[in-house]
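One structure is given below, encoded as structure tokens.
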Amino acid sequence: MSEPATTARPTAPDGFIADCRARLGFDLLARTWTAVVIFGLREGPRRPGELREAIGGISAKVLNDTLRRLEDDGLVERHRYAEAPPRVEYGLTPLGETLLGPVEALGAWSVEYGDAVVEAQERAERQRERRRERGR
């Protein structure tokens, strides 16, 4: 008699090991600009300047580094057009498009619960300030 098929889970009993696939996903989204750049490319390819303007608050160097890292990860592809002057656009790969759901879910969570997180952070900072003042 054959055993029922089970879905193997790539985690160790004691948690997220270094090569766990779930950890890989968490590490990808934990990078500072990854989710923002992916979300910025959701409507299609964009030139770096256009993407930077849409994102706001990101330097050209940091955007370039982020795009290259996402390209190395297989999430973004670079298209270079043989024009004068040269034109470059970045767009999501099919793999990169699969991250839109999780990124949008995280964004929705942030909209719903962001105020509560900011309030908790501010409360914690006030407590630290009071402790510092008592320690003087």
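Bear in mind the structure is a predicted one, so any value in this text is a computation, not a measurement. Only this structure's heavy atoms are used, side chains among them; waters, hydrogens and symmetry mates stay out. Sequence positions, counted from 1, serve as the residue numbers for this chain.
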key: Donor-acceptor contact present, side-chain Arg42 to main-chain Phe39, <3.5 Å   = yes

message = Any non-hydrogen side-chain atom of Leu70 less than 4.5 Å from a side-chain atom of Trp33?
response = no

ask   = Checking Arg23 against Phe26: charged group under 6.0 Å from the ring centre and within 45 degrees of the axis?
value = no

query = When rounded to the nearest 0.5 angstrom, what is the spacing between CZ in Arg47 and CD in Glu50?
reply = 8.5 Å

request  = Check whether any side-chain heavy atom of Pro48 lies under 4.5 Å from a side-chain heavy atom of Tyr90, and answer yes or no.
outcome  = yes

inquiry  = Could you measure the distance from the CG atom of Leu99 to the CG atom of Leu28? Nearest 0.5 Å is fine.
reply    = 6.5 Å

ask   = Out of curiosity, Thr66 OG1 to Lys61 NZ, how far, rounded to the nearest 0.5 Å?
value = 9.0 Å

remark   = All heavy atoms of Arg52 vs all of Ser59, minimum pair found to be NE-C, 3.5 Å

task = Determine whether Leu95 and Val36 fall in the same hydrophobic cluster, where Ile, Leu, Val, Met, Phe, Trp and Tyr are linked whenever their side-chain heavy atoms lie under 4.5 Å apart.
result = yes

request  = Without swapping roles, check the side chain of Thr93 against the backbone of Gly74 for a donor-acceptor pair under 3.5 Å.
outcome  = yes

ask   = Can you check whether Ile55 reaches Ile58 side chain to side chain, under 4.5 Å on heavy atoms?
value = yes

request  = Starting at CD of Glu89, measure out to CZ of Arg46 and round the result to the nearest 0.5 Å.
outcome  = 10.5 Å

Residues Arg132 and Glu125 bridged, charged N to O under 4.0 Å = yes

request  = Count the heavy atoms belonging to other residues, nucleotides or ligands that lie under 6.0 Å from CZ of Arg128, then report whether that count exceeds 12.
outcome  = yes

task = Report yes if some heavy atom in the side chain of Glu71 is under 4.5 Å from a heavy atom in the side chain of Glu77; otherwise report no.
result = no

ask   = Hey, are the side chains of Arg69 and Arg31 touching, using non-hydrogen atoms and a 4.5 Å cut-off?
value = yes

ask   = Between CZ of Arg68 and CZ of Arg78, what distance do you get to the nearest 0.5 Å?
value = 7.0 Å

query = Side chains of Val103 and Leu29: does their closest heavy-atom pair fall under 4.5 Å?
reply = yes

Distance in Å, Thr34 OG1 paired with Leu75 CG, rounded so as to fall on 0.5 Å steps = 8.0 Å

